Amino acid sequence: MDRFLFLTLDGLSRGAVYAAFALALVLIWRAGRIVNFAQGAMAVAAAYVAYSVTAATGSYWLGFAAALLAGLLLGAIVDVAVMRLVDHRSPLNPVIVALGLVLLIQAVLGMVYGNEYLPAQTPFSRTALTVGGTAVLSPYDLFVFATVGVVGAALVWVFTRTAIGLRMRAAAFAPEVSRLLGVNVGGMLTLGWALASGVGALAAMLVIPTGLGLHPHAMDLVFVSAFTAAVLGGLDSPPGAVVGGLGVGLLLSYVSGYAGGDLIPLAVLALLLTVLLLRPGGLFAPVTARRV
Amino acid sequence: MGGDLLTVEALAAGYGPVPVLRDVDLRVPTGTIAAVIGANGAGKTTLLRALSGMLRPTAGRILLDGRDLRGTPVEQLVRRGMAHVPEGRGVIGELTVAENLRLGALWRRDRGDAARALDEVYQLFEPLAARRRHLGHQLSGGERQMLALGRALVGRPRLLLLDEPSLGLAPRVVAQTMALLRRLRDDTGLTVLLVEQNVRSALAVADQGIVMSLGRVVLAAPAARLRDDADLRHAYLGF
């Protein structure tokens with residue numbers, strides 16, 4: 001029972017990161033109907049910026065802030081310099097371009113930093129605290145929960161309570177009408193990319209220290225897990241991304257705890273396949289009549 | 001009052017290589033209602049799309065209050081005083097009534113007047129006030145019409161472009177809409193260019209009738225003349 005509790009809490013902590021990363025995917029999907037397959041590589045690039053800044057200044061927090069800033073900037077640049085120029089009439093085009101971007105970013109990172117695992121530090125201890133003899137959460141887990149919670153709440157607030165959030169939603173739902181009402185639709189799309197990429201960078205900063213360390217491919221499996229989470233929740237649904245993320249985190253924690261960590265990639269892909277077969281619209285997708 | 005708010009000179013526009021509008025000239029004096037009428041495919045909607053910048057003209061000029069609109073981005077036109085209520089009315093179904101209306105005034109610097117305009121719209125369209133929190137796609141056709149019009153009015157436009165305001169609505173709602181347009185013209189000096197298939201209701205409200213056929217303006221005349229002159233009606237409108 002102790003073990004089950006530990007795995008559950010560990011899964012939720014892991015799931016919080018997947019939720020953040022899935023949320024980033026949902027943001028871009030809602031803004032531009034693109035699944036950003038480059039999000040993992042972009043987030044890793046931001047984490048490398050943090051590594052450099054921390055190495056130069058000795059401060060984890062400066063590096064952390066630099067990663068978020070780099071994430072925001074990189075998202076805006078990818079939209080303006082790459083995605084804006086892609087012909088979106090075929091949904092395959094942006095996907096291919098995003099995959100190309102993955103290769104480019106990972107190759108550049110490998111050239112600059114090398115393809116070795118670099119150590120990634122945490123600001124708080126990862127040793128689990130014990131309550132009444134039972135190992136529960138580590139201070140770092142609490143930090144992860146708090147950070148993801150704050151960012152999630154901030155996003156909800158921006159999108160539902162602010163003028164810029166209303167503009168972003170309107171631009172996503174009805175670009176043409178929004179322009180007639182004075183909304184700079186292209187600017188809103190860029191802002192959406194920036195926000196999503198910033199959230200992605202945050203997720204990378206949170207999850208990379210819990211794995212083997214910093215590497216150009218450090219987010220590959222996280223991306224697949226978060227993509228599964230986003231599809232599970234429904235790509236259109238931000239609450240779905242959060243629930244999906246926590247669900248995938250729990251599942252992977254149980255799989256690795258009871259069946260072995262080697263099975264994680266297999267479990268992720270099996271889950272993704274099951275969701276795509278049974279409910280491709282996701283759990284939170286509104287039930288719609290099939291268009292014929 | 002006085003002068004033309006909208007002047008269109010030798011306008012040509014189309015989709016890709018297919019020209020739809022050719023050599024369109026028209027004038028809408030300030031504080032008047034002009035009705036563009038004509039058969040399906042005459043180019044009426046294309047004209048509105050070219051006027052509001054959704055479609056880039058291939059030739060000609062569009063002047064709003066004497067200023068050439070060439071090169072003005074679509075999202076800036078609303079700041080120049082132009083409001084376009086598109087075909088199908090463009091209510092954003094995923095947003096609430098209140099959000100749709102707020103969106104219409106977000107660009108405005110004068111927040112005080114924007115709030116006043118919003119209050120006026122809620123008074124003008126009482127059903128909207130009762131349904132503030134409903135989503136756009138939960139509204140009836142008549143309510144959508146109100147929302148689309150209200151969303152344009154919170155921007156206090158000088159020129160209102162309306163695409164088929166009577167489409168799919170009950171005759172009573174159409175009559176109410178037309179009466180409202182007349183009242184806005186008389187009370188606020190609003191200038192309206194509306195596109196209609198419903199010739200009778202359009203001519204009943206308009207000061208000027210502009211008849212289009214195959215992408216050209218074939219006749220621009222006082223609406224009263226088009227209503228009353230049977231020969232003219234037969235020749236241009238076929239009834």
Side-chain angles (χ1 to χ4, degrees), chain A residues 26-33 79-80 84 87-89 155-192 233-241 281-282 284-289 291, chain B residues 45 48-49 51-55 72-109 111 114 133 135-138 144 147-157 159-163:
Chain A
V26 167
L27 281 179
I28 292 182
W29 172 257
R30 281 169 63 109
R33 299 285 129 181
D79 178 46
V80 173
R84 196 65 66 85
D87 184 347
H88 284 57
R89 270 174 300 190
L155 285 176
V156 168
W157 180 77
V158 165
F159 275 95
T160 58
R161 293 272 177 272
T162 69
I164 203 85
L166 178 56
R167 284 194 189 95
M168 289 177 74
R169 280 186 295 149
F173 290 133
E176 210 168 57
V177 170
S178 299
R179 293 189 76 196
L180 290 174
L181 295 170
V183 176
N184 177 351
V185 170
M188 291 304 117
L189 188 57
T190 304
L191 191 59
L235 269 171
D236 256 319
S237 165
F284 284 67
V287 177
T288 48
R291 234 177 257 168
Chain B
T45 293
L48 283 198
R49 288 176 60 82
L51 290 179
S52 64
M54 306 298 289
L55 185 65
T72 308
V74 176
E75 56 264 29
Q76 291 297 327
L77 285 172
V78 70
R79 293 167 176 83
R80 296 274 192 92
M82 185 191 278
H84 180 173
V85 179
E87 200 178 7
R89 304 184 194 103
V91 163
I92 302 180
E94 295 90 341
L95 301 183
T96 64
V97 169
E99 284 172 336
N100 267 285
L101 285 175
R102 255 175 72 209
L103 194 61
L106 272 188
W107 59 272
R108 298 190 60 191
R109 289 264 166 80
R111 302 312 303 165
R133 291 177 174 280
L135 291 177
H137 62 65
Q138 295 171 317
R144 277 177 206 227
L147 183 51
L149 266 176
R151 194 176 61 186
L153 293 177
V154 291
R156 292 215 194 281
L159 176 65
L160 184 60
L161 305 177
L162 289 178
D163 200 346

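All chains are named by letter (A, B, ...) in the order of the sequence lines, taking the proteins before the strands, and each is independently numbered beginning at 1. As the structure is a prediction and not an experimental result, all values here were calculated from the model. Keep in mind that the numbers below use all heavy atoms, side chains included, and drop hydrogens, waters and symmetry copies.
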Toward chain A, the part of B:Leu77 with a non-hydrogen atom under 4.5 Å:
neither
To the nearest 0.5 Å, tell me how far A:Arg169 CZ sits from B:Glu99 CD.
4.0 Å
Quick one: CD on B:Glu75 to CE on A:Met188, what's the gap to the nearest 0.5 Å?
10.0 Å
Could you check which of B:Met82, B:Arg151, B:Glu94, B:Arg79 has the highest count of heavy-atom pairs closer than 4.5 Å to chain A?
B:Glu94
With rounding to the nearest 0.5 angstrom, report the CG to CG distance, B:Leu161 to A:Leu180.
9.0 Å
How about CZ on B:Arg111, more than 12 heavy atoms from neighbouring residues, nucleotides or ligands closer than 6.0 Å, or not?
yes
Between A:Phe173 and B:Leu95, is any pair of side-chain heavy atoms under 4.5 Å apart?
yes
Exercise: identify the closest heavy-atom pair between A:Val177 and B:Gly90
CG1-O, 3.3 Å
Region of B:Gln76 that comes under 4.5 Å of a non-hydrogen atom in chain A
neither
At a 4.5 Å cut-off on heavy atoms, which part of B:Leu106 comes close to chain A: side chain, backbone, both, or neither?
both
So does B:Arg49 pair up with A:Glu176, basic N to acidic O under 4.0 Å?
yes
Close side-chain approach of A:Leu166 and B:Leu103, heavy atoms under 4.5 Å:
yes
For a 4.5 angstrom cut-off between non-hydrogen side-chain atoms, does A:Asn184 reach B:Pro73?
no
Shortest non-hydrogen separation from A:Gly182 to B:Val78 and the atoms involved:
CA-CG1, 3.5 Å
